[in-house]
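Notes follow once the structure below has been shown.
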Amino acid sequence: MTEGTTSAAAEGDTLTRLEQEGEIAADYLEGLLDIADLDGDIDMDVEADRAAVSIISDSGGRDLQKLVGRDGEVLEALQELTRLAVHRETGDRSRLMLDIVGFRAQKREELSELGAKAAAEVKSSGEPVKMDPMTPFERKVVHDAVKAAGLRSESEGEEPQRFVVVLPA
């Protein structure tokens, strides 16, 4: 086997593993929706080297909003439970991302804008900007936006008060 063949095989193995995570997560979430008597369709994908599972609705998703909760708190808990279900089946730690009725996708857009604005402020003032506390998901999105703007950022503090600091170049 050549190095390129080995690399392609490893990528194929990773993709297969992530697809398996998505299948396990989908089965778990379908069971949850049945128990809760909620209507929703499961969509699976692989994004940025992690399984991505979404619960979507044709009817606007008003009932599914209950699974998002205030500021995504219920969504975060369901994501952890789903990751545990995957771990129980595979024995491997999962980095699966769960989205419900587009909550995370919308949040990602808002946080990307927030990170870009903070980076612009740092570029113009030359001073670091400390942001409000965020969840790990939120911090990751902001870090990515700051990096895309050509600056660097760090997380500081202890959970649940951990926050992003955007630093000058």
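FYI, the numbering just counts along the sequence from 1.
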Joint cluster assignment, [X] & [Y], ILVMFWY side-chain distance < 4.5 Å:
X	Y	value
V129	L167	no
V46	M97	no
L151	M134	yes
L29	V86	no
I56	L32	no

Short N-O contact, [X] and [Y], less than 4.0 angstrom:
X	Y	value
D144	K140	yes
R108	E110	no
E158	R162	no

Answer whether the closest heavy-atom distance between the side chains of [X] and [Y] falls below 4.5 Å.
X	Y	result
P133	P160	no
R17	D92	yes
E159	P136	yes
F137	K107	yes
L33	L67	yes
S94	H87	no
D43	V53	no

To the nearest 0.5 Å, tell me how far [X] [atom1] sits from [Y] [atom2].
X	Y	atom1	atom2	result
K130	E154	NZ	CD	11.0 Å
Q161	D132	CD	CG	9.5 Å
R83	R95	CZ	CZ	8.0 Å
R152	H143	CZ	NE2	12.0 Å
D71	E138	CG	CD	8.0 Å
I55	E30	CD1	CD	9.5 Å

How far apart are the closest heavy atoms of [X] and [Y], and which atoms are they?
X	Y	value
M44	G22	SD-O, 3.0 Å
T82	A25	CG2-CB, 3.4 Å
S57	L64	CB-CD1, 3.6 Å
I42	A26	CG2-CB, 3.6 Å
G69	V74	CA-CG2, 3.7 Å
A51	L18	CB-O, 3.5 Å

Only one of E76, E109, E47 passes salt bridge (Lys or Arg N to Asp or Glu O under 4.0 Å) with R104, and that residue is E76

Heavy-atom donor-acceptor pair, K123 side chain to A149 backbone, under 3.5 Å: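 A pair under 3.5 Å: yes.
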
Given 3.5 Å as the limit, does a donor-acceptor pair link the side chain of Q106 with the main chain of F103, or not?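 Checking the backbone N and O of F103 against the side chain of Q106, no donor-acceptor pair under 3.5 Å is found.
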
Might you confirm whether atom CG of D37 has over 12 heavy atoms from other residues, nucleotides or ligands at distances under 6.0 Å? no

Is it the case that over 12 heavy atoms from other parts of the model lie below 6.0 angstrom from the CG atom of D39? no

Using the ring of F163 (Phe, Tyr or Trp, six-membered ring only), decide whether R139 places NZ or CZ under 6.0 Å from its centre and within 45 degrees of its axis. no

Check the pair S112, V141 against side chain to side chain contact (heavy atoms under 4.5 Å, CB included), reporting the backbone distance first and the verdict last. CA-CA 6 Å; S112 291; V141 173; 3.6 Å; yes

